[in-house]
Amino acid sequence: MIPLERERSLDEAERSLRGFLDAQGWRADLQRIGEPFAATICSLYDDADGRLLGNGFGKGEAAPSRVGALFEAVEHLFTGKAPAQAEPILRSGADCLADPRLAALPFRATFAAQPQRRLACRAYRSFVEGEPDIALPLFLSYPTYLDWRGPDDDFDYAAALRFGSNNGTAIGSSLAEAAVHAIGELVERDAWSLFLTAHYLGDPAAHGYRLEPDDLPAPLAQRLRAASAQLQREILLIDATSDLGVPCYIATATDLRDGELIHPCGYGASLYPEHAATRAITELVQSLELPRMQPRLAGYSQAVLDALSAYPKLRDCAVFAVDRARLRRGRWEHPAPPPLPPAALLERMIERLRARGIDLHYAINHDEPGRFCVVNVVSLPLERFFLVCSGIVMAPGQRGRDLLAGRLPVPGSAAARADEVAVA
């Protein structure tokens with residue numbers, strides 16, 4: 001059986017990836033915890049010297065969790081070092097400042113402050129044939145960029161580096177499969193950002209619906225109850241689908257337990273709504289099970305809250321205590337497409353986002369034809385305010401500001417109703 005959004009069965013994908021690991025002389029050590037939904041840690045080692053190369057994490061039932069951890073470990077490996085087949089493009093601060101496509105970046109002031117200094121960029125291709133490439137700073141998608149930057153890059157990243165993120169990076173058996181997951185992550189984090197903006201900086205009822213088990217399809221309701229029983233705590237499922245029309249969900253624990261400072265969450269976005277909600281639920285389980293295997297992860301929450309201590313509203317975003325009473329109750333009404341191969345799904349996702357004025361560009365981090373592809377997809381208009389939950393002091397971008405001003409047509413908003421009238 002081939003899972004949704006995939007080109008191969010789990011067994012085929014795992015055999016192919018393990019063949020690559022064996023050829024490199026790398027060993028994968030796996031640890032798993034949790035039932036029926038598992039959290040798996042994959043640690044990659046170089047057999048030649050025993051060196052740890054990196055980690056990856058998997059979620060879901062046992063087999064998907066194992067294979068997901070293997071793939072993510074390889075993805076992280078090729079997101080932590082320079083792309084081998086991409087020659088850096090040096091752009092001056094003045095050149096970046098003059099580029100209208102970079103106008104929405106939250107660190108644009110650093111370009112103005114360093115007009116003569118040069119920073120390394122790489123070319124991102126459009127998914128639409130004939131549209132121009134865009135050259136974006138490497139650090140934007142490579143948080144470890146300073147570890148391997150070249151001598152010709154003399155830009156001072158002190159004020160900008162905090163905005164770097166691996167957001168939109170994914171691995172798959174092919175470019176199309178990886179791109180589907182990368183775009184899903186971009187949409188998911190945009191919707192998460194919009195929810196944070198509405199709930200903690202504006203009107204909590206302006207974006208997002210709470211879903212009760214009775215509102216859900218029976219198989220999904222059963223998965224929600226199984227996860228709640230496994231964790232022994234109530235789970236709140238939120239429909240955070242935005243104006244982009246790609247189903248997106250947030251699953252969060254409604255209470256804090258001893259030692260917890262931040263409400264654990266999981267997120268999921270997909271053209272398949274039940275799949276998206278399941279991803280959110282199993283990611284929540286993963287977030288609570290992983291610290292049982294790696295206790296050091298529990299210390300991250302305090303560091304985030306310390307970084308935001310002077311900004312109470314931003315701190316509230318990170319804590320993520322949802323005011324359930326101020327969320328509207330929603331209905332399950334997302335139609336699901338028939339099972340489609342990743343190439344067809346990719347085409348649908350691109351069309352849906354372009355209809356809302358959202359462009360997408362991609363660059364390949366690493367490609368092993370016939371085995372896997374690691375790709376980074378970027379969309380500069382999409383929100384990055386979710387970074388506040390990593391302790392980054394920042395304000396919402398243009399989409400967030402439009403939401404606060406009532407100009408973004410998210411489901412249920414006055415702007416959406418006006419948009420529907422205009423289209424009609």
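Positions are given from 1 along the sequence. Bear in mind that the values here come from a model prediction, so they are computed numbers and not experimental data.
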- Under 4.0 Å between a Lys/Arg side-chain N and an Asp/Glu carboxylate O for Lys59 and Glu289? no
- Task: Output the distance between atom CG (Leu244) and atom CG (Leu408), rounded to the nearest 0.5 Å.
- Result: 8.0 Å
- Message: Pairing donors with acceptors under 3.5 angstrom, does anything connect the side chains of Thr79 and Asn166?
- Response: no
- Query: Are the aromatic ring centres of His361 and Tyr124 under 6.0 angstrom apart?
  - Reply: no
- Message: Name the residue from Tyr145, Phe107, Phe163, Trp148 that meets the ring pair (Phe, Tyr, Trp, His ring centres under 6.0 Å) definition with Phe139.
- Response: Phe107
- In Å and rounded to the nearest 0.5 Å, what is the CD1 to CZ distance from Ile358 to Arg399? 5.0 Å
- Crowded around Arg125 CZ? As in, over 12 foreign heavy atoms under 6.0 Å? no
- Could you give the distance from CZ (Phe57) to SG (Cys42), rounded to the nearest 0.5 Å? 10.0 Å
- Task: Say whether Ser173 and Glu7, considering side chains only, have a donor N or O and an acceptor N or O under 3.5 Å apart.
- Result: no
- Message: I'd like to know if the side chain of Ser379 reaches the main chain of Leu360, judged simply by a donor and an acceptor atom lying under 3.5 Å from each other, with no hydrogens or angles considered.
- Response: no
- Query: Take atom CZ in Arg32; do more than 12 heavy atoms of anything else shown fall under 6.0 Å from it?
  - Reply: no
- Separation of Ile235 CD1 from Thr254 OG1 (nearest 0.5 Å): 9.0 Å
- Message: Assess the residue pair Arg189 and Ser165 against the criterion (side chain to side chain contact (heavy atoms under 4.5 Å, CB included)); give the C-alpha distance rounded to whole Å, side-chain angles, the decisive distance to 0.1 Å, and a yes or no.
- Response: CA-CA 12 Å; Arg189 293 182 178 182; Ser165 165; 4.3 Å; yes
- Query: Salt bridge between Arg354 and Glu347, side-chain N to carboxylate O under 4.0 Å?
  - Reply: no
- Give a yes-or-no answer on whether the side chains of Gln222 and Arg225 include a donor-acceptor pair shorter than 3.5 Å. no
- Ser193 OG to Glu383 CD distance, which is reported to the nearest 0.5 Å: 5.5 Å
- Message: With rounding to the nearest 0.5 angstrom, report the CG to OG distance, Leu4 to Ser270.
- Response: 7.0 Å
- Are the side chains of Asn167 and Glu185 in touch, meaning some heavy atoms are under 4.5 Å apart? yes
- Evaluate the side-chain proximity of Ile392 to Arg384: yes if any heavy-atom separation is below 4.5 Å, no if none is. no
- Any donor-acceptor N or O pair under 3.5 Å, side chains Asp11, Ser9: no
Determine all donor-acceptor pairs shorter than 3.5 Å in which one atom belongs to a side chain in residues 306-323; sequence neighbours excluded.
from	atom 1	to	atom 2	distance (Å)
Asp306	OD1	Gln302	NE2	2.7
Ser309	OG	Asp306	O	3.0
Asp323	OD1	Ala325	N	3.4

- Ion pair present between Arg279 and Glu5, side-chain N to carboxylate O less than 4.0 angstrom? no
- Verdict with reasoning, Trp26 to Leu77, per side chain to side chain contact (heavy atoms under 4.5 Å, CB included): CA-CA 12 Å; Trp26 297 344; Leu77 187 63; 3.3 Å; yes
- Query: Does a salt bridge link Glu177 with Arg6, judged by any charged N lying under 4.0 Å from a carboxylate O?
  - Reply: yes
